[in-house]
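Because only heavy atoms are used, hydrogens play no part in the values below, and waters and symmetry mates are left out as well, while side chains stay in. Below, read A as the first sequence line, B as the second, and so on, with proteins coming before strands; counting in each chain starts at 1.
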2 protein chains.
Amino acid sequence: MPARTASRDPAAGTVQVADAGPTPAFSPLYQQIKVLLLRSLQVGEWPPGSVIPSETELAGRYRVSQGTVRKAIDEMAAERLLVRRQGKGTFVATHAAAETRYRFLRLTPDAGGPARLARQLLDCRRMRASAEVARALELKAGEPVVEVRRLLLDGGQPVVLDDLWLPGAQFRGLSAETLARWRGALYELFESEFSVRMIRAEEKIRALAADPEAAALLALPPGAPLLLVERRSFTYGERPVELRRGLYRTERHHYRNELS
Amino acid sequence: MPARTASRDPAAGTVQVADAGPTPAFSPLYQQIKVLLLRSLQVGEWPPGSVIPSETELAGRYRVSQGTVRKAIDEMAAERLLVRRQGKGTFVATHAAAETRYRFLRLTPDAGGPARLARQLLDCRRMRASAEVARALELKAGEPVVEVRRLLLDGGQPVVLDDLWLPGAQFRGLSAETLARWRGALYELFESEFSVRMIRAEEKIRALAADPEAAALLALPPGAPLLLVERRSFTYGERPVELRRGLYRTERHHYRNELS
DNA sequence: GAGTGGTCTAGACCACCAC
DNA sequence: TGGTGGTCTAGACCACTCA
């Protein structure tokens, strides 16, 4: 484990990375391991869906006990960055797997069962970031972004009108053609084609009256109540890489949430 | 640990509770400990806010190692049933603590900072459960329930209109006077006066147009868009003990959510 | 200083999976 | 059969709290 320089006897005193400052800010070994694993994920050493080395091998590599590696991986599994599979190994989480494909989609049919929505691409263009988009994506105003507009339909009826903004620098080849050809989930495309993996998101939800444009696209009378879902998605290192503004019809669907 | 009957050598073979059925459904020791701890919580052996026995003492009581108790408590802490405090002990989670007082309230001012809402009780009456309320609370239609209606205000302006239904059997002394006198959060009252502790909740969120009654109470024109938040809260053993129907004004507030 | 939870290690064995 | 994660133990020491 390169970051750790202090000498250490087995089962002996405090272990700590070298640190010149006062109050060296104790950080447990397993947290330091976690940082190293995180870095490997971030630089793509182990791509989404692949197996990472076994606990024993990582323990050898970092010169710590298997239990310490285990605790680091435990936390990362709880954060849904890794997935453990007994007998097989530990895998990098991916939006491509069936279990996690629509992990961030909270819209649910009232009837029960998972949402099965068809997509209809309305627009995809490159433009300069407005002040609001720039702030959300931590860009400078005027930097290039990709704007996507699409509809999601359930049984032919429009249910969601989505607007997305993505940093242009990280989504260079993204075009209407790319999107039209793609069969899987958006986040799957982002992972496999642009090496951008979404790990968490924040949403702000409001009710509002449909404006004429949204009403027309969603086949509603203007003024009809809609759910506005504003999402900001983050990749490794808390970097925002997507702003999304969804308008949801909630006559036959709802936004499901779990509080604990 | 009374439930475990198989003989066991230290650091030796499989340990399992007695079980006559086929495929004995292996359950790890720490899960069995968890069940025992859960039962103690459920019967009120350790009330909300109190310390539970130390890991060492529990290990002795159940005849397992401290690490096994630790793992059971770890999971319960992750589920927010227990709270660990280094140097002090492990405590039963409570809605009375400042950190967890409004844990289930996702309404947030756009300006930032936590919501500081005043309450105004509109109604509190005992009645018979409608079919819908009975289904949600897993009662028989016609069984007694308590219905509460109240407003939440921010800076004097109404923001939330809440309707609550509670099983009458578990909230016997609950009345308008009780509610009017109470200063803290509702869930704090439920814990301390009725021994009902909410541990998780499900919410379904929709947008709808304000009906005349709601509009009047929320000082809005009829038809204005509102967030409808339907909550079902559960206590130990997945028993539903509250149905709540909240109408939220979202001009200056939003419902905040975190996806991971 | 005594007691609590928190970290770390080492070793044994079990459950699951693939070859 | 061998490798992976999963469980369990025992023991040492650290960090934190409070009297």
Contacts of A115(A) that satisfy side-chain contact (heavy atoms from CB on, under 4.5 Å) - sequence neighbours left out:
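By the side-chain contact (heavy atoms from CB on, under 4.5 Å) rule, A115(A) matches L105(A), P109(A), L117(A).
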
Not counting sequence neighbours, which residues clear ring-ring contact (aromatic ring centres under 6.0 Å, His included) with F234(B)? List them please.
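F234(B) satisfies ring-ring contact (aromatic ring centres under 6.0 Å, His included) with no residue once adjacent residues are dropped.
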
With Y30(A), which residues qualify under ring-ring contact (aromatic ring centres under 6.0 Å, His included), at least two apart?
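Counting only residues at least two positions away or on another chain, Y30(A) forms no ring-ring contact (aromatic ring centres under 6.0 Å, His included).
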
Protein-nucleotides 17-19 of chain D N/O pairs closer than 3.5 Å?
unit_1, atom_1, unit_2, atom_2, d
dC18(D), OP1, K88(B), NZ, 3.4

Y255(B) side chain to T108(B) side chain, donor-acceptor N/O pair below 3.5 angstrom:
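Y255(B) vs T108(B): no donor-acceptor pair found between side chains.
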
What pairs meet the salt bridge (Lys or Arg N to Asp or Glu O under 4.0 Å) rule with one or both residues in residues 185-198 of chain A, with sequence neighbours excluded?
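The answer is R101(A)-E188(A), E191(A)-R197(A).
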
Between [N] atom [atom2] and [X] atom [atom1], what is the distance in whole Å?
{"X": "F91(A)", "N": "dG5(D)", "atom1": "CZ", "atom2": "P", "result": "9 Å"}
{"X": "R85(A)", "N": "dA15(C)", "atom1": "CZ", "atom2": "C1'", "result": "17 Å"}
{"X": "Q66(B)", "N": "dG6(C)", "atom1": "CD", "atom2": "C1'", "result": "9 Å"}
{"X": "Y62(B)", "N": "dT9(D)", "atom1": "OH", "atom2": "P", "result": "14 Å"}
{"X": "Q31(B)", "N": "dC8(D)", "atom1": "CD", "atom2": "C1'", "result": "14 Å"}
{"X": "R70(B)", "N": "dT9(D)", "atom1": "CZ", "atom2": "P", "result": "15 Å"}

Partner residues of T235(B) under the side-chain hydrogen bond (donor to acceptor under 3.5 Å, both in side chains) criterion, sequence neighbours left out
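Partners of T235(B) by the side-chain hydrogen bond (donor to acceptor under 3.5 Å, both in side chains) criterion come out as none, since no residue qualifies.
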
Of all residues at least two apart in sequence or in a different chain, which pass the side-chain hydrogen bond (donor to acceptor under 3.5 Å, both in side chains) check with D154(A)?
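D154(A) satisfies side-chain hydrogen bond (donor to acceptor under 3.5 Å, both in side chains) with H253(A) once adjacent residues are dropped.
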
DNA chain C-proximal residues of residues 71-82 of chain B, any heavy atom under 4.0 Å:
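Of all residues in residues 71-82 of chain B, none places a heavy atom under 4.0 Å from DNA chain C.
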
With a 4.0 Å cutoff (strictly under), does any side-chain N or O of [X] reach OP1 or OP2 of [N]?
{"X": "R84(B)", "N": "dG6(C)", "answer": "yes"}
{"X": "S65(A)", "N": "dA10(C)", "answer": "no"}
{"X": "T68(A)", "N": "dT9(C)", "answer": "yes"}

Residues in salt bridge (Lys or Arg N to Asp or Glu O under 4.0 Å) contact with R244(A), at least two apart in sequence or another chain:
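R244(A) satisfies salt bridge (Lys or Arg N to Asp or Glu O under 4.0 Å) with D162(A), E242(A) once adjacent residues are dropped.
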
Salt bridge check, E55(A) against R84(A): does any charged N sit closer than 4.0 Å to a carboxylate O?
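Yes, this pair counts.
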
Between R61(B) and E57(B), does any NZ, NE, NH1 or NH2 come within less than 4.0 Å of an OD or OE carboxylate oxygen?
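Answer for the salt bridge query: yes.
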
Could you check, using the six-membered ring where one of them is a Trp, whether F190(A) and F171(A) have ring centers closer than 6.0 angstrom?
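Here the rings of F171(A) and F190(A) have centres that are less than 6.0 Å from each other.
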
How is the base pairing of DNA chain C summarised as a dot-bracket string, given the Watson-Crick and G-U wobble criteria with both distances under 3.5 Å, [ ] for crossing and | for another strand?
||||||||||||||||||.

Residues 38-46 of chain A side chain polar contacts: donor-acceptor under 3.5 Å, at least two apart:
unit_1, atom_1, unit_2, atom_2, d
S40(A), OG, L36(A), O, 3.4
S40(A), OG, E45(A), OE1, 3.0

Tell me which nucleotide among dT9(D), dC8(D), dT7(C) gets nearest to the side chain of V64(B).
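Comparing dT9(D), dC8(D), dT7(C) against the side chain of V64(B), the answer is dT9(D).
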
Under 4.0 Å from any atom of DNA chain D, heavy atoms only: list the residues of residues 47-58 of chain A that qualify, in numerical order.
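S54(A), E55(A) - these, ordered by number, are the residues of the stretch whose heavy atoms sit under 4.0 Å from the strand.
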
R256(A) side chain near E203(B) side chain, heavy-atom distance below 4.5 Å
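Heavy-atom side-chain distance check fails, nothing below 4.5 Å.
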
List the atom of F104(B), the atom of R200(B), and the distance in Å for their closest heavy-atom pair.
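The answer is CZ-CA, 3.8 Å.
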
